[in-house]
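A quick note: this is a predicted structure, and the numbers were derived from the prediction, not measured. Below, chains carry the letters A, B, ... as their sequence lines are ordered, and counting in each starts from 1.
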Number of protein chains: 2
Amino acid sequence: MAVTIKDVAREAGVAVCTVSFAMNGSAHVAEETKKRIFDAIEKLNYRPNQSARGLVTKKTNNIGLVVEETAEGLENTILLDVIKGLGQALGKNNYDLLLSFQKPQSRKLDEHVLDVYRKQSADGLILMGTASSERPYEELVSKRFPFVLLGRPYQEKVCHSVNADNEQGAYDAVQYLVRKGHRRIALITPCSLEVDASLDRYNGYIRAMEELGDGFDESLVAIGSFDPDSGYAETEKLLSLKQRPTAIVAGRDVIASRVIEKAQALGYKIPDDLAVVGFDNTVVSQLARPSITSVELPMRSMGFEAASLLIKLIEGEIRYDDVQTIVLPCAIRERESA
Amino acid sequence: MAVTIKDVAREAGVAVCTVSFAMNGSAHVAEETKKRIFDAIEKLNYRPNQSARGLVTKKTNNIGLVVEETAEGLENTILLDVIKGLGQALGKNNYDLLLSFQKPQSRKLDEHVLDVYRKQSADGLILMGTASSERPYEELVSKRFPFVLLGRPYQEKVCHSVNADNEQGAYDAVQYLVRKGHRRIALITPCSLEVDASLDRYNGYIRAMEELGDGFDESLVAIGSFDPDSGYAETEKLLSLKQRPTAIVAGRDVIASRVIEKAQALGYKIPDDLAVVGFDNTVVSQLARPSITSVELPMRSMGFEAASLLIKLIEGEIRYDDVQTIVLPCAIRERESA
DNA sequence: CTGAAAGCGCTTACAG
DNA sequence: CTGAAAGCGCTTACAG
């Protein structure tokens with residue numbers, strides 16, 4: 001049915017292997033022969049069958065990305081940027097992205113990750129999300145199967161990983177506010193501190209506050225959540241402090257928008273009475289009024305770096321044991337709120 | 001290196017083909033033998049090599065989704081919902097999603113679409129986006145390669161397609177406002193009318209307005225754009241009409257949020273002085289204050305239906321020539337702005 | 001009900 | 001520099 005390498009060989013009047021050599025550059029082929037071959041390929045619109053190729057080369061030219069059936073990992077807009085970043089690196093290197101979705105019945109994500117490895121349908125894996133499972137890594141590592149953690153806890157340096165520097169992002173946010181003249185700076189965490197990124201931001205905040213010399217005042221920290229209304233109550237609490245903060249670092253943009261609403265409702269002018277810095281630089285920060293100064297996570301770069309690293313691992317440009325831990329800086333996008 | 005069907009056969013003490021028969025149910029195997037085989041599979045963690053399987057069955061169990069290098073198609077948050085919907089259907093049926101990114105150099109998306117077909121790395125294709133190219137379809141159709149258009153112009157019923165009923169969505173939005181007592185209802189289109197979805201919404205609006213009996217007043221229509229500030233000027237213009245509208249249907253949520261801001265700045269109360277209905281039901285409509293009543297596009301269902309349809313096509317449950325045109329209804333999510 | 005064998009479309013030593 | 005042949009890991013008629 002489909003055109004095969006045999007058809008090309010016949011059309012060009014050469015042996016099958018010569019076509020293969022010419023296409024892959026795996027042996028020298030006379031210029032003239034080459035031209036005949038490439039003409040035949042173009043004429044017939046020949047593309048090597050990936051399954052046949054994969055069977056012998058043990059390479060699929062696919063990168064796997066596993067997604068939970070509940071799709072929690074897809075919840076955030078941010079994933080789109082990651083995929084774009086992945087795509088840039090992948091397209092450049094001629095890889096495709098294989099998104100594997102869990103079957104509704106099978107509850108164990110770990111097993112599913114292992115399955116895409118066992119089926120050999122990808123040459124490497126990008127593992128992203130917050131879920132920190134240990135088991136799949138073991139089998140993957142022991143079999144030296146290439147994979148890169150993206151935005152996950154980096155397992156004591158035993159796995160290649162790419163992450164955003166959340167700690168530095170929060171630190172910079174405080175520093176930015178200090179430069180604007182603030183000293184009483186509060187933090188609302190993006191969610192519980194059990195989540196890695198949340199803890200990192202918390203730590204960055206503390207480091208910056210301690211450097212300020214006033215010491216760390218626990219009453220200036222509130223724990224936010226994924227509740228869409230998270231930020232209202234925390235703002236009210238923070239602003240009713242005897243020594244109220246003049247600035248708030250909100251762990252996520254949505255929370256920042258709630259902070260602004262509540263503060264405005266209480267009669268505060270933003271940013272004059274209260275400065276607000278958000279996190280994630282999502283569309284929310286652009287649409288809010290006033291627009292929100294926000295710490296941008298380099299999601300696109302993270303995707304790009306993760307895919308580039310994985311490809312180097314696959315192609316042997318980086319040794320498997322030479323564990324890479326890439327941490328990318330966050331940048332502050334200045335807008336009206338601070 | 002990896003465990004093969006031979007290993008399983010040896011472990012279970014049967015012939016290779018018996019293992020294959022047992023796994024695929026393609027021939028009867030005695031219960032007892034079956035048990036030995038499945039025990040061996042479990043013990044060895046055997047999973048059939050996808051390339052080998054694909055080579056002989058001519059099936060990859062992959063669905064292709066082509067993405068332009070510029071990733072325009074990925075621009076909207078909405079794609080995430082589509083992917084979730086695709087994933088639901090795919091996971092259930094044991095297919096993976098192959099996202100193929102264009103190489104930076106190759107400028108022709110059409111060729112790239114054809115390449116994933118020619119390489120035989122997917123059993124079918126989901127084509128989404130607004131770009132309407134004709135050429136790839138021809139080759140695909142003539143070779144009877146399964147593909148489904150998602151949110152694209154549906155090419156005079158020659159291609160299977162899944163779409164949202166934008167026309168009805170706009171019609172319903174007007175009807176909804178009429179029920180709230182409005183008659184002077186304006187429309188700001190989501191973008192130029194060259195885009196299919198935009199035109200459909202425009203037509204739905206017109207149909208509803210004409211049914212009202214007051215006839216179609218062109219001055220009540222403004223053409224919006226993708227400019228982030230689109231909506232400001234249009235609102236100003238519409239509200240300065242001698243007979244100003246009491247309600248505005250905004251073609252996108254972002255535009256609706258601009259309408260609200262501008263109207264509020266001009267002293268109008270929402271929804272009392274001016275009712276506003278948005279489109280797309282994005283996070284913007286939830287975060288705006290007042291929150292925005294919005295027409296929801298069934299992106300998740302569209303993804304699910306598109307994948308389900310494609311799988312039926314692939315597996316022969318639907319004849320290739322029995323062209324399916326699935327149009328899914330939009331629903332109005334009532335909030336504060338109307 | 002089970003086994004031996006051919007073949008899917010490639011790549012890669014191995015000769016010439 | 002090019003050709004004939006083996007083999008990758010499966011599935012599927014074909015015998016028994």
* Heavy-atom contacts under 4.0 Å between residues 54-64 of chain B and DNA chain D, which residues? ->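 B/Leu55, B/Val56, B/Thr57, in order of number.
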* In plain terms, say whether A/Arg36 and A/Asp39 are close enough for a salt bridge, that is, a side-chain N and a carboxylate O under 4.0 Å apart. =>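 No salt bridge links A/Arg36 with A/Asp39.
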* **Salt-bridge contact B/Glu32-B/Lys35 (side-chain N to carboxylate O under 4.0 Å)** =>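 The answer is no: the pair does not qualify as a salt bridge.
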* Asked: Is there a side chain to side chain contact (heavy atoms under 4.5 Å, CB included) between A/Ile5 and A/Ser20 once you walk through the steps?
  -> CA-CA 8 Å; A/Ile5 197 171; A/Ser20 178; 4.0 Å; yes
Using a 4.0 Å heavy-atom cut-off across all strands, classify [X] as base, sugar-phosphate, or nothing.
{"X": "A/Val29", "value": "sugar-phosphate"}
{"X": "B/Ser51", "value": "nothing"}
{"X": "A/Ser20", "value": "base"}

* To do: Let me see the working for A/Ser100 and A/His112 under side chain to side chain contact (heavy atoms under 4.5 Å, CB included), right down to the final yes or no.
  => CA-CA 9 Å; A/Ser100 191; A/His112 192 234; 3.3 Å; yes
* First encountered from the 5' end of DNA chain C, between B/Ala15 and A/Tyr46 ->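 Nearer the 5' end of the strand: B/Ala15.
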* Reading DNA chain C 5' to 3', which nucleotide is the first, and which the last, to come under 4.0 Å of any heavy atom in chain A? ->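 First-to-last contact on DNA chain C, by the 4.0 Å heavy-atom rule, is C/dG9 to C/dA13.
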* Would you check if B/Leu313 and B/Phe147 make a side-chain contact, meaning some heavy-atom pair closer than 4.5 Å? =>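 When only atoms from C-beta onward are counted, B/Phe147 and B/Leu313 do not touch, as no gap falls below 4.5 Å.
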* Asked: B/Val162 versus B/Leu328: any side-chain heavy-atom pair under 4.5 Å?
  ->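 Yes, at least one pair of side-chain atoms sits under 4.5 Å.
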* Does the pair A/Tyr46 and A/Asp7 meet the rule for a side chain to side chain contact (heavy atoms under 4.5 Å, CB included), with working shown? -> CA-CA 9 Å; A/Tyr46 170 68; A/Asp7 301 319; over 6 Å; no
* So which pairs with a foot in residues 307-317 of chain A pass side-chain hydrogen bond (donor to acceptor under 3.5 Å, both in side chains), sequence neighbours left out? ->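 Found A/Tyr95-A/Glu315.
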